[in-house]
Each structure stands twice: as C-alpha cells, then as structure tokens.
2 protein chains.
Amino acid sequence: MDNSQSYREKKVIGIGTVTEITGLSNRKIRYYEMRKLIFPDRTPSGTRKYSFSDIERLMEIAEKIEDGVQTHEIRKDIVKKEKHQMIKGQLNSHFHTNRYS
Amino acid sequence: MDNSQSYREKKVIGIGTVTEITGLSNRKIRYYEMRKLIFPDRTPSGTRKYSFSDIERLMEIAEKIEDGVQTHEIRKDIVKKEKHQMIKGQLNSHFHTNRYS
DNA sequence: CGTGTAAGGAATTCTGACACG
DNA sequence: CGTGTAAGGAATTCTGACACG
C-alpha cells in the first residue's frame, strides 16, 4: 500500500556520501547511532544506509552538539517528538474507528 | 544560488542500491551508461553515484529494451527531449534579457 | 563524554576481456 | 547487440579497542 516512500525518507545513501554532505566524520555519525539519535538501515552485508531526512537530522544533531548539548539530552527531545507523533497516530486511528463503528 | 538541488536530482546512490531498487544487473546499468543513456556522477575514487531521477530513467530504459527498442533509438529520444529543454532554457534567458535591458 | 586513529577482515566497485549470438 | 562471468586490483565499510580528557 504505502509503496510511495518519498525520496526524502528512503534510506539509500552510504556513509561515505553522508560524510561528504554533512561534513561530519564517520566516527561521529556512528557514535550518534550508538547513542540512538539516528537509525540507518542496514544492507544484508551490514553497510549503513541513510535517507535525506537522516542527513537533515544529523545536521541538527551536530548543531546541538556544538552548542554543548549532550547526546542524552538530544535523545530526550527526539523521544518527545515521537510521542507527539504517536498521539497524532492514535487520534487518526480513533477517527477511523469512529467512522466505521 | 541554486543550492537546493532537489532530493530527486541529487546523485548520492551507489550502484548496488540501484541494482536492488531497479532489479537490473550492474552489467546492464554500466552498459546503458556506455551507450550514453544515463550519466551518473563519480566520486573522486571512481564509484558511480545515481539520483532517484536516474533510477526512474533506468526503469524507462529497461521497459523499452524489453520492447525490443535498441539503445541507439532510445538515445535519440533522449537527445530529442534535451533539445526541448534547451529551447525552454533559451526562452527563459530571452525573457530575462528583456526584463533587464 | 565525544572523537581520533591504527588494525584486520569482509564486501563493493571498477575496468577490460572472453563468450554467445 | 545486449548481457553474463571470471580476474585482479583499489577503495569502502565494519567492529572492537586504545587514547585523551
């Protein structure tokens, strides 16, 4: 159904290209993943694949780090955002439920 | 100025991923490049990078090949399209020239 | 805590060529 | 003409660890 994952969300970019675009080192990018700030896909053989959206998030993370924010704090913000997303999702399913019940 | 190359046009995808998405073999993809049907970027070390737009074009090429169209013919169509683009571009620069002269 | 680096292995990509047709 | 494949080399990516602070 939701076959049309937009170009922005499709995880198809290797870490080398991400490095080049963001200016961040591979080490940093992998570290932010370890700290659960970013979630690349993996190919069967284990290479990381990022989306343009991931790249945007990496730039935001980099800014915060430069401002002295710790990865732990950054993660909290992400969780908060996701909670909002979840609420939206629940509202949607609520509406759908009502519509058909 | 035109920094905002859209996600669709940015050449950031490796040939392995293109293979996976299109279902075409590396051999085919490289062959279509040799026949000047597709124009990936190259990293400094020589690896090919494709855009989502390239992937779309590859699928179109694959369809035509299956229909028995030869690469030579497919290239003609591409040149024809580019000519139309050029005309559009000339019209644009014509308008701009007028506006400021 | 955040990041650099050397280490060794595994998987990827590249090119030019031989093959079939 | 379009495509598969084996060949050998070069560049990439991966992980776990040591280092500094």
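Every chain is numbered from 1 and lettered A, B, ... according to where its sequence line falls, protein lines coming before strand lines.
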Query raised in the report: Are B:Tyr31 and D:dG2 close enough that a side-chain N or O sits under 4.0 Å from OP1 or OP2?
Result: yes

Query raised in the report: Does any non-hydrogen side-chain atom of A:Val18 lie less than 4.5 Å from one of A:Arg48?
Result: no

Report summary line: Expected string for nucleotides 9-15 of chain C under the B/S/- scheme (protein heavy atoms, under 4.0 Å, primed atoms plus P, OP1, OP2 as sugar-phosphate) is --SSSSB

Query - Dot-bracket pairing map - DNA chain D, Watson-Crick plus G-U, both contacts under 3.5 Å, | cross-strand - result: .||||.||.|.|.||.||||.

Report task. Using the test salt bridge (Lys or Arg N to Asp or Glu O under 4.0 Å), find all partners of B:Glu66 that sit at least two apart in sequence or belong to another chain. Result -> none

**Report entry** Expected output: side-chain A:Asp67 to main-chain A:Lys64 donor-acceptor under 3.5 Å
**Finding:** no

Query raised in the report: Between C:dG2 atom P and A:Met34 atom CE, what is the distance in whole Å?
Result: 9 Å

Query raised in the report: Can you pull the ring-ring contact (aromatic ring centres under 6.0 Å, His included) pairs that have at least one residue in residues 32-69 of chain B, sequence neighbours excluded?
Result: A:Tyr7-B:Phe52

**Report entry** Positions of residues 61-78 of chain B (non-hydrogen atom under 4.0 Å from DNA chain D), listed by number
**Finding:** B:Ile65, B:Gln70, B:Thr71

**Report entry** Contact check, side chains of A:Pro40 and A:Lys49, non-hydrogen atoms, under 4.5 Å
**Finding:** no

Requested in this report: Using side-chain hydrogen bond (donor to acceptor under 3.5 Å, both in side chains) as the criterion, list what pairs up with B:Arg57, not counting sequence neighbours.
Outcome: none

Query raised in the report: Which residue, A:Arg75, A:Arg27, A:Arg42, forms the salt bridge (Lys or Arg N to Asp or Glu O under 4.0 Å) with A:Glu33?
Result: A:Arg42

Query raised in the report: Could you state the CZ-C1' distance from A:Arg35 to C:dT3, rounded to the nearest angstrom?
Result: 13 Å

Report task. Give the cluster check for B:Ile74 versus B:Met34: same hydrophobic cluster or not, with ILVMFWY residues linked at side-chain heavy-atom distances below 4.5 Å. Result -> yes

Report task. Report yes if some heavy atom in the side chain of A:Leu24 is under 4.5 Å from a heavy atom in the side chain of A:Thr19; otherwise report no. Result -> no

Query - Nearest-Å distance for atom pair NZ/P, residues B:Lys28 and D:dT5 - result: 11 Å

Query raised in the report: Under a 4.5 Å cut-off applied to non-hydrogen side-chain atoms, are B:Glu9 and B:Ser53 in contact?
Result: yes

